[in-house]
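These numbers were taken from a predicted model, which means no experiment stands behind them. Proteins come first, then strands; the chains are lettered A, B, ... in the order of their sequence lines, and each starts at number 1.
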Protein chains: 2
Amino acid sequence: MVDNQEKTEEKILKAAEEVFQKKGMTGARMQEIADTAGINKALLHYYYRTKDKLFEKVINMAFSKFFPRVINIMGSGISVFEKIEVFVSNYLDLIAKHPFIPGFVINELNRNPQILISLFEKNIRLKEEGLIDKFNIQLQEEVEQGIIKPIDARNLMVNIVGLCIFPIVAKPIVQGVIFGNDKKQYNDFLKQRKEHVIDFVISSIKMD
Amino acid sequence: MVDNQEKTEEKILKAAEEVFQKKGMTGARMQEIADTAGINKALLHYYYRTKDKLFEKVINMAFSKFFPRVINIMGSGISVFEKIEVFVSNYLDLIAKHPFIPGFVINELNRNPQILISLFEKNIRLKEEGLIDKFNIQLQEEVEQGIIKPIDARNLMVNIVGLCIFPIVAKPIVQGVIFGNDKKQYNDFLKQRKEHVIDFVISSIKMD
DNA sequence: ATTTAGTTTAACCATTTGGTCAAATTTATG
DNA sequence: CATAAATTTGACCAAATGGTTAAACTAAAT
């Protein structure tokens, strides 16, 4: 039955996402994914022949969830300050919704940078649009207009993304070391991050 | 022979560091560690009875390498601006020397946050000194003196560490997505990060 | 030279793990 | 209903993996 098939495949993907993101490619067990999906291990292999195939699908889904958004915002026609605001706001919302994806993707890419190539093939948008170069042109225009202090687009992008992602990826350290493992304090901290990061970045580049 | 013993144990630790940092706890194989150390697998178990014991030693070494430095700098008697300068400079040098440690520690801590507890026992310094609270007092003093804009110590610390660590931890993404996999461009980028991060942070909090 | 303690090895073991297969069950089709 | 096709399962397999053991080797101590 088509309906049941889709339900099963959906269950598998959900389970695989969960287990892979929590345990990583090498730590994840096919048996655990099958258990989580509430199915037999053989059925898992029936839908996705190998662990690698399943993993590729999952990391591809994770990657796809994060990158299109970046491109749309940075490529839009608004001012630099507005871009920072919209980007940080959207990105932090997205991370809050999928808190395990950034660490998962970063870790797996470190384990096997080769993955990025196949990821690019299926997310063909970044390089060819010259996105960063365009954003850099906009930046330098606003620099010349005396709106912002001199800064390079690459540094700015890395800063913004880093400020957004780091507190989540390094959650155990931030929550443990800085907040003495107090979950509430950590969550409150995250809630005020959006406003803070926007302030922090704009404050840094705004011309007095 | 004592000399040979130390040499073997040293070789094992070096090999374990390398393999664990590259493959992670779950991805690392005792056989590969033994091969890397140029010894037999049984000898590996002779020195460190289990994989867990060896792993604990390695992650403890990694953790110890990074945290004492933070404490000494942030607890010293210099101004906020000087602290930012010295900290970023020292931290980026340290990361350059051990580029795989941050990602390794972050990832393993996400896999098993429990590790942090045993890490604290052997690095007993952070919480009891009230380091962050002291730094926050210094910050608020300089805020009142009109030297810096209002900011919380926790946000500032997370920002600084994040700005330092992110480009290294997310190396495949930064190098791949932003620099089209051009190693030289990426390395040049890292070289100018020290100056840039210091500028970026101070610029953000400095009162006009 | 013999004993003793520490070191190293090859062979082995039990368990885990990714993956397979034939049979059973369910669903769609004539 | 009957047959074919797709789906699901339990049992099984080979390879990998963490760990053990008994024996061999080395170097110092008696």
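Rounded to an integer number of Å, the gap from NZ of K23(B) to P of dG18(D) is 12 Å. For the pair H45(B) NE2 and dA10(C) C1', the computed distance is 15 Å after rounding to whole Å. Rounded to an integer number of Å, the gap from D52(A) CG to dG19(C) C1' is 12 Å. A straight line from OH of Y46(B) to P of dA23(D) spans 17 Å, rounded to a whole angstrom. The nearest whole Å value for the distance from the NZ atom in K51(A) to the C1' atom in dA16(D) is 12 Å. Look at CD1 on I12(B): it is 11 Å from C1' on dT8(C), rounded to the nearest Å. At whole-Å resolution of the value, OH in Y48(A) and C1' in dG18(C) are 18 Å apart.
Ion pairing between a basic and an acidic side chain is recognised when a charged N comes within 4.0 Å of a carboxylate O; R193(B) and D199(B) show no such pairing.
Taking the six-membered ring for Trp and the full ring otherwise, the centers of F100(A) and F104(A) sit at least 6.0 Å from each other.
For the pair H196(A) and L163(A), the minimum side-chain heavy-atom distance is 4.5 Å or more. Between I202(A) and V80(A) the shortest side-chain heavy-atom distance does not fall below 4.5 Å.
Ring orientation note: the planes of F179(B) and F189(B) are tilted relative to one another, at an angle of 30° to 60°.
The side chain of Y47(A) has dT8(D) as its nearest neighbour among dT20(C), dG19(D), dT8(D).
Phosphate proximity of dT7(C) to T8(B): absent, as no side-chain N or O sits under 4.0 Å from OP1 or OP2.
For DNA chain D, the residues of residues 25-44 of chain A within the heavy-atom distance limit of 4.0 Å (strictly under) are N40(A), A42(A), L43(A), sorted by number.
To the nearest 0.5 Å, atoms NZ (K51(B)) and CD1 (I33(B)) are separated by 7.0 Å.
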